Number of protein chains: 2
Amino acid sequence: MSNSKSPKLPNTAYAVLGILSMGDGFSGYEIRKWAETLRFFYWSPAQSQIYAELRRLAKLGLATSEEIPQEGKPDKRVYQITDAGRETFRTWINNQPLEPIVMKHSLALRLFFGQEAEEGRLEELLIQFIAEIKEGLAQLYIVEEFMEHHPQFSHQSLVALWGQNFYKAELATAEEVLARLREKN
Amino acid sequence: MSNSKSPKLPNTAYAVLGILSMGDGFSGYEIRKWAETLRFFYWSPAQSQIYAELRRLAKLGLATSEEIPQEGKPDKRVYQITDAGRETFRTWINNQPLEPIVMKHSLALRLFFGQEAEEGRLEELLIQFIAEIKEGLAQLYIVEEFMEHHPQFSHQSLVALWGQNFYKAELATAEEVLARLREKN
DNA sequence: ATATGCATGTAATGGGTTACATGATTGT
DNA sequence: ACAATCATGTAACCCATTACATGCATAT
């Protein structure tokens, strides 16, 4: 079923493959929880999309899919990466060039067009943003702490550190911008 | 043609509306150039998408569209924001809640799954990334300098500052992570 | 000669979202 | 009682990308 040469897949598929490569057997539900951590640095697809990607990977022979009957819960479908899947993933990580960072910063967009905002609106948004960032930072600390206690996650904890630095920088910038806006009035 | 209540639009449409609100009359081509600056903090849609959004705005009565004959060049279609369009834009900026930051950081994704990478691959990617960030920073300095000489762009220059801080933080983090990877070997 | 800038548009494809549908178990 | 967790899936929709198509003027 698998193509001889690694097929070209959307990045979401590689992310799912990558998660599958970290253990032996995940349900869609478990993948989804990992994806929630990933959202700090990469993406956060809808649940339906994760299931769709898993089905695609299975169809391409990059993962096996097995139905596990369960009592008291709906049946679980467990996906496992195949040799072809691991090969595809390695080809991606070792050969696919970096893409430019994509950022959708909804506050920056509003700030950019701030001349159309009401008096005080931007300050309000910045204060709200600062609170959200602090919340995100707290979550990242928890993620990193967990990973530091599990040596097999050394790369993942490196990325948690990356996220922390990003959030700290966002915090500092938001405070700087807020101060500038206030001193203009 | 315009709805009595502001219609709900995709963010790309608001971004285009916002650019239209900054002057009186833009061609799709000019919008596109502004969008290229926006990409540092928000988004970078395909050319065809910008033209599609402009047509949508015109159909909704949020912008007027006028064909300007030109010699030696293809005709130009100039779009101008209407009162209804400005109203829609203000409603958006003043009432629409912030959305969470969306980030697609292709390097972080690879780093996260670094256990599958070949010896030296991550270092190679980091070095490449650092070069790209430096290039981006240089461009942002140019953008900010331009805007600081034009007082009507004070909000825009604030966002250019935001972008600089982001890029500087990325640079520092990339160097830190590179150092950590090297000391592990 | 060749590339870049100006200038707009269509067609095919697909990645991804939102909403809906179902249902038992466990914790508050 | 109610919310959260576990667990998967379908249907409708559309935003967005890629590729293609055209063509003159100007700079290298």
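So that the names make sense, note that chain A is the first sequence line, chain B the second, and so on, each numbered from 1. What you see is a predicted model, and the numbers here were worked out from it, not measured in a lab.
- No more than 12 heavy atoms of other residues, nucleotides or ligands shown are found within 6.0 angstrom of CD on B:Glu119.
- Residue A:Trp43 contributes atom CH2, which lies 10 Å from atom P of C:dT17 at whole-angstrom precision.
- With rounding to whole Å, B:Leu57 atom CG is found 12 Å from D:dC15 atom P.
- A:Asn95 CG: more than 12 foreign heavy atoms inside a 6.0 Å radius.
- For A:Thr12, a side-chain nitrogen or oxygen approaches OP1 or OP2 of C:dG16 to under 4.0 Å.
- Remark: B:Glu145 CD is loosely packed, at most 12 non-hydrogen atoms of other residues, nucleotides or ligands lying under 6.0 Å away.
- Side-chain proximity of A:Gln47 to D:dA16, D:dG9, C:dA11: nearest is D:dG9.
- Listed in residue order, the members of residues 21-40 of chain B having a heavy atom less than 4.0 Å from DNA chain C are B:Ser27, B:Gly28, B:Tyr29.
- Within 3.5 Å, no donor on the side chain of A:Gln49 pairs with an acceptor on the base of C:dT17, nor the reverse.
- Which of D:dT18, D:dA7, C:dA7 sits closest to the side chain of B:Tyr51 comes down to C:dA7.
- The aromatic rings of B:Phe129 and B:His105 sit tilted, their planes meeting at an angle between 30° and 60°.
- Whole-Å rounding puts the B:Glu67 CD to C:dT8 C1' distance at 10 Å.
- Atom NZ of B:Lys8 has 12 or fewer neighbouring heavy atoms from other residues, nucleotides or ligands inside a 6.0 Å radius.
- To the nearest angstrom, P of D:dC15 lies 14 Å from CD of B:Glu99.
- A:Arg56 has a side-chain polar atom (N or O) that falls below the 4.0 Å cut-off from OP1 or OP2 of C:dG15.
- Rounded to whole Å, atom C1' of D:dT18 lies 15 Å from atom CD1 of B:Ile50.
- If you check every strand for non-hydrogen atoms under 4.0 Å, A:Lys8 touches nothing.
- Residue A:Ser48 places its side chain closer to C:dT18 than to any other of D:dA16, D:dT17, C:dT18.
- Distance B:Leu9 CG to D:dC15 P: 9 Å, rounded to the nearest Å.
- Side chain of A:Lys76, nearest nucleotide from D:dA7, C:dT8, C:dT17: D:dA7.
- Counting only distance, with no hydrogens or angles, the side chain of B:Arg39 and the backbone of B:Glu36 share a donor-acceptor pair below 3.5 Å.
- Atom-to-atom, CG of A:Asn11 to C1' of D:dA16 comes out at 15 Å; the value is rounded to the nearest Å.
- Under the 3.5 Å distance criterion, with hydrogens and angles disregarded, a donor-acceptor pair is assigned to the side chains of B:Gln49 and B:Glu53.
- Both A:Glu53 and B:Arg55 lie near DNA chain C, and the one whose nearest nucleotide falls closer to the 5' end is B:Arg55.
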